[in-house]
Amino acid sequence: MKIATFNINGIKARINALPDWLDDAQPDVVVLQEIKSVDDAFPREIFEDRGYNVETHGQKSFNGVAILSKLPLEDVTRGLPGDESDEQARWIEATVVGKTAIRICGLYLPNGNPVELEPDGTPVAGGKYAYKLAWMERMRQRAQALLDSEMPALMAGDYNIIPQEEDAKRPDVWREDALFRPESRAAFRKILNLGFTEAFRARTRGPGHYSFWDYQAGAWNRDDGIRIDHFLLSPQCADLLQDCRIDREVRGREKPSDHVPVWIELDA
DNA sequence: ATGTCAACGATTCGTTGA
């Protein structure tokens with residue numbers, strides 16, 4: 001089973017590029033981020049015509065996540081548990097029923113910039129960096145519950161986290177950024193260390209592997225990228241891992257997103 | 001040399017978010 005994650009940076013802007021990539025890559029399941037659309041405006045027919053079941057969790061203008069699946073989707077839930085007042089559409093879950101049932105979480109983790117800190121170094125309450133870190137703590141709770149279920153499970157999406165220096169062309173320019181600050185990376189490791197496997201690093205080591213290149217300053221032409229789109233696999237899911245790759249060439253196509261798809265192959 | 005893109009809601013462009 002081929003499962004992909006893709007931050008499309010707006011479904012309206014990617015109305016041709018996304019179907020074109022789907023027709024090439026033929027994933028069984030895709031989690032999408034930044035659909036930037038309400039549920040009613042999402043062009044589900046385009047994907048249903050290609051044989052995908054479509055589940056969205058959208059909002060106006062910003063954020064928004066979705067799952068497309070050629071296999072049936074069961075027990076769909078929307079929103080990250082732990083804060084009823086959080087209205088940002090960044091989390092969706094469903095169980096994909098194939099040879100084995102797999103719980104799939106699609107996520108769009110908050111960017112967190114600008115970083116605002118008190119003089120003592122704690123994030124300013126109510127600020128975007130505090131929101132990011134609080135969201136990651138909620139995600140950790142949900143991740144632990146997934147492990148406790150002992151079901152094969154994965155969390156895939158735009159994590160807005162550069163895990164290590166080797167995951168950026170120029171780590172020094174990201175040093176103070178919310179994507180690379182120590183608190184952000186520590187929160188990511190805290191989830192990982194519950195017992196998840198980061199799929200890409202289970203298969204490939206070394207620098208030069210990126211999933212995002214800014215539109216600005218010719219970042220793509222200079223290969224000035226970062227790796228921020230990830231798959232975290234539960235132990236029962238990691239046992240099924242066959243491959244993990246980044247569809248880098250998609251960034252060079254017509255009217256690209258600033259992210260490219262990342263995908264895994266599971267023996268499931 | 002932050003050099004871009006997308007969505008929106010106001011009026012042909014400014015604001016926000018990334």
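Every chain is numbered from 1, with letters handed out A, B, ... down the list of sequences. Only a predicted model underlies this, so the values are computations on that prediction, with no experimental measurement involved.
- For the pair A:R103 and A:E74, the salt-bridge criterion is not met [side-chain N within less than 4.0 Å of a carboxylate O].
- Remark: the separation of the C1' atoms in B:dT11 and B:dT15 is 14 Å, to the nearest Å.
- For the pair A:K36 and B:dC8, the criterion of a side-chain N or O lying under 4.0 Å from OP1 or OP2 is not met.
- At a cut-off of 3.5 Å, with distance as the only test, no side-chain donor of A:S69 or A:N53 sits close to an acceptor on the other residue.
- Contacts classified as ring-ring contact (aromatic ring centres under 6.0 Å, His included) and involving residues 5-24 of chain A (residues at least two apart or in different chains) are given here: A:F6-A:W21.
- Remark: nothing in residues 165-183 of chain A comes within less than 4.0 Å of DNA chain B through any heavy atom.
- Residues meeting the side chain to side chain donor-acceptor pair (under 3.5 Å) test with A:W135, sequence neighbours left out: none.
- Listed pair A:R14 / B:dA6 meets the phosphate criterion, a side-chain N or O lying under 4.0 Å from OP1 or OP2.
- Qualifying side chain to side chain contact (heavy atoms under 4.5 Å, CB included) partners for A:A134, counting only residues two or more places apart in sequence or in other chains: none.
- Minimum atom distance to the side chain of A:K60 is reached by B:dC8, of the listed B:dA6, B:dA18, B:dC8.
- At a threshold of 4.0 angstrom between heavy atoms, the contacts of A:F212 with the nucleic acid are absent.
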All N/O pairs under 3.5 Å across the protein-nucleotides 12-16 of chain B interface:
none

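- Grouping Ile, Leu, Val, Met, Phe, Trp and Tyr residues whose side-chain heavy atoms lie under 4.5 Å apart, directly or via other members, places A:F212 in a hydrophobic cluster with A:I162, A:V173, A:W174, A:L179, A:F180, A:I226, A:I228.
- Using a 4.0 Å cut-off between charged nitrogen and carboxylate oxygen, A:R253 and A:D247 do not count as a salt-bridge pair.
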